[in-house]
Amino acid sequence: MTKEAWADKKQVYAAVKESIKNPYLVYIVCSLFIIIVSGAILFMVLVGMIRIDNESEKQVWIEVNSQILNFFFTIQAIIDQPKRLQLLIWTIVMKLDPYYYSANIHSYMPDILLLPSQREDSSQSASSPSSPTQMVHVEEEVRSSFVPPLFPFSKWVFLIVLLNLQCFFQYPITIAMWGWATNPLDRPKLIIPICLPLSFLSGAAGGIWLLMINLQNKKLAQVQTQ
């Protein structure tokens, strides 16, 4: 083995060792593995790739794997909801102090910059709940690194609503799945067919949108460095 290959191997080992120290990252990796396996089993049972002649046994397989998927989706919604709800609240009260709440949103989501193009005058700033020290800190932070382009406020409202809807639509699914876990045949017929696609579409649209914004900002940052 060459020295370069050995060095690369040591770097990979060090990265894996460092990642293991992060409990949340370990949870994400394990949950993704379980979701992929359970989702694959559920899909194969539904389409007949796994043949189960006994109908009651087939329903047990479907129910167990559905409960596993629902558990991890619910846990992730509970984890994501406080941050997303906080961002939504800051968006609602944005007019009270645009600079302060824009800076808070930017600190949670570095790719989103909602700072107005013009600062308020000194009299307005004096009555604002944000302090001059906080404003200076925000300006220094923005100047010290890549500054993403201003993101339209209307689009941001739509984006943060989508991300919150993903969590909100998950909760009725959880109630239906856990409330009738012992008797799934009596489960309300409309909750899951309505909420599941809406939750999935909201999360997918919001996630892909954030990914596109991140990729665009990375390209702009590379152009600026060149």
Side-chain angles (χ1 to χ4, degrees), residues 24-25 27-50 58-94 101 104-106 108-112 114 151-217:
Y24 182 69
L25 185 59
Y27 160 76
I28 291 295
V29 173
C30 294
S31 62
L32 282 176
F33 175 77
I34 296 173
I35 287 172
I36 291 172
V37 173
S38 294
I41 294 174
L42 180 61
F43 175 78
M44 289 188 289
V45 171
L46 288 174
V47 301
M49 295 176 65
I50 297 178
K58 180 179 180 180
Q59 292 300 322
V60 170
W61 276 74
I62 294 174
E63 181 66 19
V64 169
N65 286 281
S66 298
Q67 290 287 359
I68 292 173
L69 294 174
N70 177 69
F71 171 79
F72 283 103
F73 291 152
T74 303
I75 293 298
Q76 195 59 46
I78 293 173
I79 293 173
D80 292 336
Q81 185 72 84
K83 174 183 173 180
R84 295 178 178 181
L85 192 59
Q86 181 70 70
L87 291 170
L88 181 61
I89 293 173
W90 284 339
T91 303
I92 293 173
V93 300
M94 180 77 69
Y101 293 111
N104 287 342
I105 293 173
H106 184 55
Y108 271 80
M109 290 190 170
D111 290 320
I112 303 296
L114 300 173
F151 194 73
F153 183 76
S154 58
K155 291 184 178 180
W156 163 249
V157 171
F158 187 55
L159 174 58
I160 194 59
V161 167
L162 279 177
L163 294 175
N164 276 278
L165 284 178
Q166 178 192 12
C167 301
F168 289 142
F169 284 127
Q170 177 60 38
Y171 302 139
I173 300 174
T174 303
I175 293 173
M177 292 294 292
W178 292 353
W180 287 266
T182 57
N183 196 1
L185 296 179
D186 293 336
R187 186 173 288 144
K189 304 299 182 182
L190 296 179
I191 293 179
I192 296 177
I194 292 176
C195 293
L196 183 61
L198 292 175
S199 178
F200 177 79
L201 290 175
S202 300
I208 293 173
W209 198 350
L210 282 175
L211 179 62
M212 292 176 62
I213 294 171
N214 179 261
L215 293 176
Q216 181 183 11
N217 288 341

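Just so you know, these numbers come straight off a predicted model, no measurement behind them.
Residues Y27 and I79 form a side-chain contact, since some pair of their non-hydrogen atoms from C-beta on lies under 4.5 Å apart. For the pair N104 and Y101, the minimum side-chain heavy-atom distance is below 4.5 Å. Between W178 and T74, some side-chain heavy-atom pair lies under the 4.5 Å cut-off. The shortest distance between side-chain heavy atoms of Q166 and F200 does not fall below 4.5 Å. Side-chain contact between I35 and F73 is present, with at least one heavy-atom pair separated by less than 4.5 Å. Put simply, the side chain of F153 reaches to within 4.5 Å of the side chain of T91, judged on heavy atoms.
Across S202 and L165, no two heavy atoms sit closer than the pair OG-CB, 3.9 Å. For the pair S38 and L69, the tightest heavy-atom approach, listed with the atom from each and the gap, is CB-CD2, 4.0 Å. G206 and L162 get closest at one heavy-atom pair: N-CD1, 4.3 Å. A176 and I191 get closest at one heavy-atom pair: CB-CG2, 4.1 Å. When every heavy atom of A77 is checked against every heavy atom of Y171, the shortest pair comes out as O-OH, 3.6 Å. Shortest non-hydrogen contact noted between Q81 and C167 is OE1-CB, 2.9 Å.
Interatomic distance, R84 CZ to I89 CD1, rounded to the nearest 0.5 Å: 14.5 Å. Once rounded to the nearest 0.5 Å, the distance linking CE of M212 with CG of D111 reads 13.0 Å. Remark: S66 OG to I192 CD1 distance equals 7.5 Å, nearest 0.5 Å. Between the CD1 atom of I34 and the CG atom of N65 there is a distance of 11.5 Å, given to the nearest 0.5 Å. With values rounded to the nearest 0.5 angstrom, I160 atom CD1 is found 10.5 Å from W90 atom CH2. Remark: L196 CG to I173 CD1 distance equals 4.5 Å, nearest 0.5 Å.
Exactly one of D80, L210, L85, L87 qualifies for a side chain to side chain contact (heavy atoms under 4.5 Å, CB included) with L163. That residue is L210.
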Step by step, would you call W156 with M109 a side-chain contact (heavy atoms from CB on, under 4.5 Å)? CA-CA 11 Å; W156 163 249; M109 290 190 170; 3.6 Å; yes
Tell me, with the steps shown, if I50 and K58 meet side-chain contact (heavy atoms from CB on, under 4.5 Å). CA-CA 9 Å; I50 297 178; K58 180 179 180 180; over 6 Å; no
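Under a 4.0 Å N-O distance rule, the pair R187/E63 qualifies as a salt bridge.
Open room surrounds CH2 on W61; 12 or fewer heavy atoms of other groups in view lie less than 6.0 Å from it.
Using modelled atom types, one side-chain atom of Q67 and one backbone atom of M177 make a donor-acceptor pair closer than 3.5 Å.
Between the side chains of D186 and N183, at least one donor N or O sits under 3.5 Å from an acceptor N or O. There is a side-chain donor-acceptor pair under 3.5 Å between Q170 and N70.
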